[in-house]
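Report on the following structure.
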Amino acid sequence: MHYVIGLLCLLAFGANAAPAGTDYFKDLPKCSTEEDQLGECVKEIFNTLTPRLKDGNPELRIEPYEPLRLNRTSFQYTSGTVNGRITIRNAKIYGFASNRAKEVSVKLTGDKVKLRLVTKMPKLNIVGSYKADMQVNQLNLKPKGDFNVTLFDVEATTVTDGEIYEKDGHRYFRLKNIDSKPKIRDLDIKANGIFADPELDKVALNVANQYWRDIYGIMLPETRQFWQPLMLRMFNEALELVPIDQFLKEQPN
Ligand SMILES: *[C@@H]1O[C@H](CO)[C@@H](O)[C@H](O)[C@H]1NC(C)=O
Ligand SMILES: *[C@@H]1O[C@H](CO)[C@@H](O)[C@H](O)[C@H]1NC(C)=O
């Protein structure tokens with residue numbers, strides 16, 4: 001009897017010791033490391049995993065990401081006569097689940113990987129609360145409220161380089177740098193609390209929505225130093241959970 005239980009435990013342990021997510025990823029293609037085929041293969045994996053992982057996977061300790069939750073993020077802004085700090089709280093970002101890769105190219109040199117992705121999502125919606133402390137000329141403004149921003153047709157060209165490394169007998173991929181240039185077709189900004197008077201809020205939002213291209217053009221490079229490391233960290237936290245052996249046909253050298 002003890003022997004049978006021992007054997008069952010061993011079998012159960014053996015099953016758990018198998019590479020995480022073997023079944024979950026079973027249907028995905030195995031990529032050949034030939035450069036001309038690797039890009040297409042990574043694109044297929046990206047486009048299959050993106051919708052699949054949106055609700056997370058407890059077994060793989062992957063958190064759901066639709067919506068993506070950011071508890072607190074702060075941006076410092078300084079330019080000419082305007083400077084201050086904006087803190088975003090309890091932000092929820094909807095839309096990444098419909099992000100799709102259109103073009104992928106991969107360059108593999110030993111364990112170094114260069115990746116270029118063009119991705120497209122129809123809509124990215126960010127809701128949350130904000131609080132700012134700004135100095136505009138001699139004026140100190142402390143707006144505080146909720147916001148709801150929607151970006152339409154977000155096309156991002158992302159260039160990354162990373163490396164393949166080994167841990168516990170498995171190969172993993174980690175990014176070292178990421179550089180993303182998102183372009184959008186349209187932007188819709190809703191917010192309250194900019195001014196004490198709701199009517200003034202309306203006016204401010206009308207202006208903001210009319211001049212969104214200028215605002216976006218200023219905000220994007222200004223905020224890059226904050227969201228780019230955040231992206232890098234989030235990608236690497238996810239990549240750390242999933243060995244890539246199961247996606248590669250052969251050793252990369
Ligand atoms: C964000 O807040 C939620 C609930 O308030 C909490 O469960 C979660 O651990 C927080 N996440 C981070 C990264 O701090
Ligand atoms: C944000 O705005 C979008 C588009 O106008 C709307 O569909 C959505 O329900 C709003 N979300 C919240 C939380 O108000």
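What you see is a predicted model; the values in this text were computed from it and never measured. What you see below is based on every heavy atom in this structure, not just the backbone, and it leaves out hydrogens, waters and symmetry mates. First listed ligand is number 1; within each ligand, the first listed atom is number 1.
Distances from ligand 2 to the non-hydrogen atoms of Lys190 include at least one value under 4.0 Å.
Less than 4.0 angstrom separates atom 7 (O) of ligand 2 from none of the non-hydrogen atoms of the protein.
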- Query: Does the pair Glu166 and Arg171 meet the rule for a salt bridge (Lys or Arg N to Asp or Glu O under 4.0 Å), with working shown?
  - Reply: CA-CA 4 Å; Glu166 275 202 37; Arg171 282 177 296 164; 5.5 Å; no
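With hydrogens and angles disregarded, no donor-acceptor distance shorter than 3.5 Å links the side chain of Gln228 to the backbone of Asp179.
Evaluation of the side-chain contact (heavy atoms from CB on, under 4.5 Å) rule for Arg100 yields Asn47, Thr50, Pro51 as partners, not counting sequence neighbours.
From the protein, the heavy atom lying nearest to atom 13 (C) of ligand 2 is Val127 CG1, 3.8 Å.
Within ligand 2, the atoms closer than 4.0 Å to a non-hydrogen atom of Asn148 are 1 (C), 2 (O), 3 (C), 8 (C), 10 (C), 11 (N), 12 (C), 14 (O), numbered from 1 in the order shown.
Side-chain contact of Trp212 with Asp188: a donor-acceptor pair under 3.5 Å is absent, judged by distance alone.
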